[in-house]
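Notes follow once the structure below has been shown.
All values reported here derive from a predicted model rather than from experimental measurement. Index from 1, following the sequence.
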Amino acid sequence: MNRDTYYHIEKITDPALFEQLVTELLIAYDKRYLCLNNMGINVQGKTIKAPIDVSGVVQENDISHFLYIENTITDLKSLKNKWLNENETDNNPLGDLIKAINKVNSDKKDFPNDKFTIYLACNRRKDDAIDKEVRKKAQAENVQVEIYWQEFWVQILDNNPDGQYIRNKYFGIAQERLSMDLLNNICENSLYYYGLSQSNSIEKLEKSVEREEFSTILDSFLECSNVLTILGGISGSGKSNICYQILKKLQTKKELALWLSPKYLNESDCIENAIDIIIKKYCVESLQDINSNLGCLYIVIDDINSTQNPQKTLKTIMSFSQKNKLYGIFNYKIICPVWSELIDLENNDFKNANYISIGKMSKTNAMQALKTVHTGLSDIQIDDIVYNLDYDPYLIGLFNQLENISKLNLIEISKNIQFEFLKNIIEDICSTNSAFLYHEYIDNLFKMSINLLASRNFSPTISDVKEMQGIDFSCIRILIQNKKFIRDDQKGNIIFRH
C-alpha cells in the first residue's frame, strides 16, 4: 500500500469532498453502486442536513435492495458518539447509525419484502472497539450494516485501476494501472494535440465548417468491414480537418477515439506497440492490461504526408492493419488522410483498404467557411470570393489566414490568393537570416516556372531543375526544405503544394 494514500485520506477536512470521494470509490469497487444519489450535498457542493447522506436502490432478482450510506470525517475520539448517540440534544444530534436504523424501520413498513443495508463510511483507521459496538447495535436492531474504514478506501485507491484514477484526481498520486477513465483522458488529450498539430488556434479549428459529405464519410468509416480507411485528396483539400471532426464527433458520443502520430509507427513493430507508446506516457500498463470491454477503438493516423517517406509509412500502416483485433481481443478501425498521388488503387496492397476521395467544397460550405472568419462581408461579396477561389478548400484556407484587410482588397486578393500566400512564405523565410533576398526567391521561382511551362514538364525531378540555365538551385533547395510551397517526395521528384 502507498503510505501517501493513507496520509491523504486521513487529512481530508472537507465533508462534502469525502462524500463525493466515497461515492466515486464505491462505484469503482462495484458498478451496482452507480445507482447512488448524494442526498447530503447541495448544488454548491456543500453538505446539508439529511437523514441519509447517500442512498440508492439495486434490483436483485425480484427484490429491491435499499442502500443507505452515512459518511463522516469525525476523529476517533468522537466517532462512537457520531455513530451511536441515542440521546439527541440541540448540540448533540442522533448518531448516524441510529438515524439510518430509524429510516430502515420506517421504509420497511412500505417495503416489507425488500432488503436494506446501512453503510458507515469514515476516513479513520479501524478501531476494533467501535467496530464491535456498531455491529452489536445493528444486530440488536435486526439490520444489516457494513463499516468501511480507511483501510477499505486505501485498498481501492491503490489497487483498483479505476481507484488509481480517482487517487490521481483527488490527491495527485501518479496512476500506474490503466483504467477506462484514464484511456478516455488519453484519447481526449490526443484530440487536443491533434488540433494543435493542425492549427495554432483550437478555437478556430472548432469553428470549422462541417462539410456536406461529412456524414457519408463518417458512416463509410464506421460501417465498412475493412480495418483501414484511406481518405484521399490533394494537399489542402481538408482531409485532416475532416479527421479531426471525426475524432471530435466520436468522443462526443463517448466512443474511444485516438490520434496516433505516424512517428510512433517508426518506433514499433505492430500497431499495438505504437498505441502503447502513448499509453505508457500516462501509466506503466499497456492496452492489453485493461480490465474492461473497450467496444471499438477508433484511430486517426495523421500526418503521414509530413514524414520523410510517406509511401513507406503508408505501407507500414497497411501492413499493421491486417490484424482483425488488437492483441487478438479488441476491435479497432483506422482512418488515414493521404495525398492522392501516393495512392495506387490497382496495387494489391490497397485491396484490403476502404478508399474515400474528397475534392472541392460545395458552394454552401465554401460560403459558410468564409463567413466564420470574414464576418463583415455581404453574401454577394462572399459569393464572388468563393467563385474566385474555385470552391477549393486549400485556397479558402489560405484566404481565411488573411486578416485586417479592407473588403475591396480582399476581393482583389481572392483572384490571386496563391501568390499572396507565396509572398508570406518567402517573407517568413527571409526573416530568419536567409542567404537570399525576397526578390531572389521570386526571380528563381519565376525562371523555374517558365522553364517547366516551356518544356511542358509538370512533374519535374530535382535533377531537371539543377540542369536549368540561370537558376540558383541553392535558393530552390531552401524552398523545398520549407515544404510549404514545394517539396520533394524522397524519390527525387519535386511536388508543388497545389
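- Within the model, atoms CG of N123 and CG of N71 stand 10.0 Å from one another, a figure rounded to the nearest 0.5 Å.
- Between Y327 and the options I275, I271, L287, a side chain to side chain contact (heavy atoms under 4.5 Å, CB included) holds for only L287.
- Ring pair Y194/W259 is parallel by interplanar angle, where below 30° counts as parallel and above 60° as perpendicular.
- Taking CZ of F18 as the start and OG1 of T23 as the end, the distance is 9.5 Å to the nearest 0.5 Å.
- Contacts classified as side chain to side chain donor-acceptor pair (under 3.5 Å) and involving residues 215-225 (residues at least two apart or in different chains) are given here: S220-N354.
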Side chain to side chain contact (heavy atoms under 4.5 Å, CB included) between I278 and S190, worked out: CA-CA 9 Å; I278 298 175; S190 79; 5.8 Å; no
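- Enclosure of atom NZ in K108 by more than 12 non-hydrogen atoms of other residues, nucleotides or ligands within 6.0 angstrom is indicated.
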Check against salt bridge (Lys or Arg N to Asp or Glu O under 4.0 Å), K77 and D75: CA-CA 6 Å; K77 291 181 181 179; D75 60 37; over 6 Å; no
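- Across every non-hydrogen atom of L231 and C243, the tightest pair is CD2-SG, 4.0 Å.
- Nearest approach of F320 to C270, heavy atoms of both residues: CZ-N, 3.5 Å.
- In this structure, E151 contributes its side chain and K126 its backbone to a donor-acceptor pair below 3.5 Å.
- C122 and W149 get closest at one heavy-atom pair: SG-CE3, 3.4 Å.
- With values rounded to the nearest 0.5 angstrom, L26 atom CG is found 9.5 Å from R32 atom CZ.
- For K263, there are no salt bridge (Lys or Arg N to Asp or Glu O under 4.0 Å) partners two or more places apart in sequence or in a different chain.
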Pair Q251-E188, side chain to side chain donor-acceptor pair (under 3.5 Å): steps then yes or no: CA-CA 7 Å; Q251 289 188 9; E188 289 168 1; over 6 Å; no
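- Applying the salt bridge (charged side-chain N to carboxylate O under 4.0 Å, His left out) test to every pair with at least one member in residues 86-96, sequence neighbours left out, gives these pairs: K82-D96, E86-K137, D96-K99.
- A donor-acceptor pair is defined here as one N or O able to donate and one able to accept, closer than 3.5 Å; no such pair exists between the side chain of K239 and the backbone of S357.
- Contact between R211 and G238 at its shortest, heavy atoms only, is NH1-CA, 4.3 Å.
- Closest approach of L326 to L297, counting heavy atoms only: CD1-CD2, 3.9 Å.
- By the salt bridge (Lys or Arg N to Asp or Glu O under 4.0 Å) test, R135 is found to be paired with D131, residues two or more places apart in sequence or in another chain being considered.
- Around CG of N142, the count of heavy atoms belonging to other residues, nucleotides or ligands within 6.0 Å does not exceed 12.
- Here K249 pairs with E210 under the salt bridge (Lys or Arg N to Asp or Glu O under 4.0 Å) rule; sequence neighbours left out.
- When the shell of 6.0 Å around CD of Q139 is examined, it contains 12 or fewer heavy atoms from other residues, nucleotides or ligands.
- Legend: salt bridge (charged side-chain N to carboxylate O under 4.0 Å, His left out) pairs involving residues 319-330, not counting sequence neighbours, sorted by first then second residue: E272-K323.
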Test log, rule side chain to side chain contact (heavy atoms under 4.5 Å, CB included), inputs F171 and I9: CA-CA 9 Å; F171 307 133; I9 286 281; 4.2 Å; yes
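- Rounded to the nearest 0.5 Å, atoms CD1 (I156) and CG (D162) are 10.5 Å apart.
- Across every non-hydrogen atom of A28 and G163, the tightest pair is CB-N, 4.2 Å.
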Salt bridge (Lys or Arg N to Asp or Glu O under 4.0 Å) assessment of D289 paired with R177: CA-CA 8 Å; D289 296 314; R177 303 195 63 190; over 6 Å; no
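- No option in V284, L258, I186, I290 other than I186 meets the side chain to side chain contact (heavy atoms under 4.5 Å, CB included) test with I279.
- The aromatic rings of Y148 and Y119 are tilted relative to each other, their planes meeting at an angle between 30° and 60°.
- With S362 as the fixed residue, the side chain to side chain donor-acceptor pair (under 3.5 Å) test singles out one of E212, Q368, E213: E212.
- Annotation: the span from Y165 atom OH to Y282 atom OH amounts to 11.5 Å, rounded to 0.5 Å.
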